[in-house]
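Let me begin by presenting the structure, written as structure tokens, before commenting on it.
These numbers were taken from a predicted model, which means no experiment stands behind them.
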2 protein chains.
Amino acid sequence: MKYIEKLRNSGLRPTKQRLQICEVLFNTERTFHFTINDLERKIKDKIDNKISLATIYNTVHAFEKKGYLKQIPINSNQIYFDTNITDHHHFYNLKDGKLIDLENSDVGPINIKRKIDGKKIKSIEVLVKLED
Amino acid sequence: MKYIEKLRNSGLRPTKQRLQICEVLFNTERTFHFTINDLERKIKDKIDNKISLATIYNTVHAFEKKGYLKQIPINSNQIYFDTNITDHHHFYNLKDGKLIDLENSDVGPINIKRKIDGKKIKSIEVLVKLED
DNA sequence: ACAGCTATTTAGAACCATTATAAACTGTAA
DNA sequence: TTACAGTTTATAATGGTTCTAAATAGCTGT
């Protein structure tokens, strides 16, 4: 299994549930955005056994902490995650709530002129809201 | 009262509760960020009567819809609002969860090169996460 | 292969911010 | 002042997320 080493190297035991969630999240042609609810449905569709909702939450948080997933900063009643962990931004379609990736090259370089003492920039995330 | 006309002009009846919330939100030297919980405490401190939590929610949403408040796009268990409705961005201190305004002039112009058919850009919001 | 230990999974309960409800109240226009 | 739509209110309901504690599974040393 291709994800066993990845998990072990992160200090996560490669359990059956985690490996199955890896398949759903990472064994795809394209990266994608999802909520826990979306992921729960995808898992139900793809695998025959059941994975508890608590495990899905635990795993997603573990993967996020290890840097295999990113949260998308957006106000919604649910948290949106992204399997695309490269540096990039998002369009947010206000009409239907859909997110679209904006590659870093689609956005000119962002120059933050102000500095905060003793702090360094961890990430810069741009949300571009779209309307009709 | 200075807020009566403002409310009437927006089609909102200038009720006692709304006027008092206006005082707390807008009769200040500086703009600020708040959650509903923060606002509830501020109101308790500043006025002697009680305003129902439901009214605080209703009013904040009404003001947001009218453009007197903005939500700050950030993942948190609570929604953050901003009384600064000018075009600007935010630093987000991961250590303590505090937000700091970044004036538009503190950020170089942002050039979104990609277009989405039939959509126009409503806003561009940048969140700069800070770590030690 | 087994024992023993810790990490993980699980169902269900708990939590808590937010929204819905429906009855009482209030601003406003005639 | 009346009538009506808009507001406020306490409280219940909702729903995403986290907690709990018991059962299970991966791992290490023997």
Side-chain angles (χ1 to χ4, degrees), chain A residues 1 3-25 33-44 47-66 68-69 71-81 97, chain B residues 1 3-25 33-44 47-66 68-69 71-81 97:
Chain A
M1 295 282 262
Y3 299 110
I4 291 182
E5 281 312 305
K6 175 174 175 170
L7 291 175
R8 269 218 193 87
N9 292 340
S10 318
L12 297 173
R13 287 188 180 171
T15 63
K16 178 164 65 97
Q17 291 85 346
R18 282 176 180 162
L19 290 169
Q20 290 179 324
I21 294 174
C22 278
E23 290 291 331
V24 174
L25 290 177
H33 309 126
F34 66 93
T35 64
I36 293 290
N37 189 43
D38 295 337
L39 180 56
E40 200 185 3
R41 277 188 282 105
K42 267 181 195 278
I43 289 169
K44 273 213 190 81
I47 70 179
D48 44 355
N49 56 311
K50 184 186 189 309
I51 296 181
S52 150
L53 181 58
T55 298
I56 297 174
Y57 272 98
N58 289 341
T59 302
V60 165
H61 286 142
F63 287 3
E64 188 202 355
K65 188 173 276 179
K66 296 300 180 184
Y68 302 141
L69 291 173
Q71 284 196 210
I72 301 172
I74 195 175
N75 284 117
S76 167
N77 54 332
Q78 280 162 279
I79 298 173
Y80 277 82
F81 293 90
Chain B
M1 297 280 262
Y3 299 110
I4 292 182
E5 281 313 305
K6 175 175 175 169
L7 291 175
R8 270 218 194 87
N9 292 340
S10 320
L12 297 173
R13 285 190 181 170
T15 63
K16 180 163 64 96
Q17 292 85 344
R18 283 176 179 162
L19 290 168
Q20 290 180 323
I21 293 174
C22 277
E23 290 292 331
V24 174
L25 290 177
H33 309 128
F34 65 94
T35 64
I36 294 290
N37 190 43
D38 294 336
L39 180 57
E40 200 184 4
R41 277 186 282 105
K42 267 181 195 278
I43 289 170
K44 273 212 191 82
I47 70 177
D48 45 353
N49 56 311
K50 183 185 189 312
I51 296 182
S52 151
L53 181 59
T55 299
I56 297 175
Y57 273 97
N58 289 341
T59 302
V60 165
H61 286 142
F63 286 3
E64 188 202 356
K65 189 173 276 179
K66 295 302 179 185
Y68 301 142
L69 291 173
Q71 285 195 210
I72 301 172
I74 195 176
N75 285 117
S76 165
N77 53 333
Q78 281 162 277
I79 298 173
Y80 277 81
F81 293 90

Every protein N/O within reach of nucleotides 28-30 of chain C N/O, cut-off under 3.5 Å:
from	atom 1	to	atom 2	distance (Å)
C:dT28	OP1	B:Arg8	NE	3.0
C:dT28	OP1	B:Arg8	NH2	3.2
C:dT28	OP2	B:Arg8	NH2	3.4

Measure from the side chain of A:Ser52, starting at C-beta and using heavy atoms only, and say which of C:dA17, C:dT10, C:dT8 lies closest. C:dT10
N or O in side chain of B:Tyr57 less than 4.0 angstrom from C:dT19 OP1/OP2: no
Listed partners of A:Thr55 passing side chain to side chain contact (heavy atoms under 4.5 Å, CB included), at least two apart: A:Gln17, A:Ile51, A:Ser52, A:Thr59
Value in whole Å for how far the P atom of C:dA20 lies from CG of B:Leu53: 14 Å
Start at the 5' end of DNA chain C and walk down; is the nucleotide closest to A:Lys16 or to B:Asn77 reached first? A:Lys16
Qualifying residues under ring-ring contact (aromatic ring centres under 6.0 Å, His included), relative to A:Tyr68, sequence neighbours excluded: none
Counterpart residues, salt bridge (Lys or Arg N to Asp or Glu O under 4.0 Å), relative to B:Arg13 (two or more places apart): none
Taking CD1 from B:Ile56 and P from C:dT19, how many angstroms apart are they, rounded to a whole number? 14 Å
Could you pull out all residues at least two apart from A:Lys42 that satisfy side chain to side chain contact (heavy atoms under 4.5 Å, CB included)? A:Val24, A:Phe32
Sole residue of B:Leu25, B:Asn49, B:Ile43 in side chain to side chain contact (heavy atoms under 4.5 Å, CB included) with B:Gln20: B:Asn49
Between C:dA20 atom P and B:Asn58 atom CG, what is the distance in whole Å? 10 Å
Scan residues 34-44 of chain A against DNA chain D and write down, sorted by residue number, each residue with any heavy atom closer than 4.0 Å; if none is found, say none. A:Ile36
Go through the steps for A:Tyr3 and A:Ile21 under the test side-chain contact (heavy atoms from CB on, under 4.5 Å), then give the verdict. CA-CA 10 Å; A:Tyr3 299 110; A:Ile21 294 174; over 6 Å; no
Rounding to 10 degrees, work out the angle separating the end axes of the helix from C:dA1-D:dT30 to C:dA30-D:dT1 (five pairs an end). 30°
Looking for any heavy atom pair under 4.0 Å, which part of the strands does A:Thr55 touch: base, sugar-phosphate only, or nothing? base
A:Tyr80 versus A:Gly97, closest heavy-atom pair with distance: OH-O, 4.2 Å
Straight-line distance of B:Ile4 CD1 to B:Leu12 CG, nearest 0.5 Å: 13.0 Å
Ignoring backbone atoms, establish whether A:Lys50 has a side-chain N or O less than 4.0 Å from OP1 or OP2 of C:dT9. no
Can you tell me how far apart CD1 (A:Ile56) and CZ (A:Arg18) are? Round to the nearest 0.5 Å. 13.5 Å
Residues in side-chain hydrogen bond (donor to acceptor under 3.5 Å, both in side chains) contact with A:Asn9, at least two apart in sequence or another chain: none
Rounded to the nearest Å, what distance is computed from the CD1 atom of residue A:Ile79 to the P atom of nucleotide C:dC16? 16 Å
Nearest-0.5 Å distance that lies between atom CG in A:Leu39 and atom OH in A:Tyr57: 10.0 Å
Could you list the residues that satisfy side chain to side chain contact (heavy atoms under 4.5 Å, CB included) with B:Asn37, not counting sequence neighbours? B:Thr35, B:Glu40, B:Arg41, B:Gln78
Integer-rounded Å distance: C:dA7 P and A:Arg18 CZ: 11 Å
How many angstroms lie between CD1 in B:Ile47 and CD in B:Glu23, if you round to the nearest 0.5 Å? 10.5 Å
Extract, from 5' to 3' on DNA chain D, the first and final nucleotides lying under 4.0 angstrom from some heavy atom of chain B. D:dA5 to D:dA10
For DNA chain D, find the residues of residues 59-66 of chain A with a heavy-atom distance under 4.0 Å and give them by number; none if there aren't any. A:His61
Tell me, please, which residues at least two apart from B:Gln71 pass side chain to side chain contact (heavy atoms under 4.5 Å, CB included). A:Asn75, B:Glu64, B:Ile79, B:Phe81
Min side-chain heavy-atom separation B:Leu7-B:Phe63 under 4.5 Å: yes
Which pair of non-hydrogen atoms, one from A:Arg8 and one from A:Pro14, has the smallest distance, and what is that distance? CG-CD, 4.0 Å
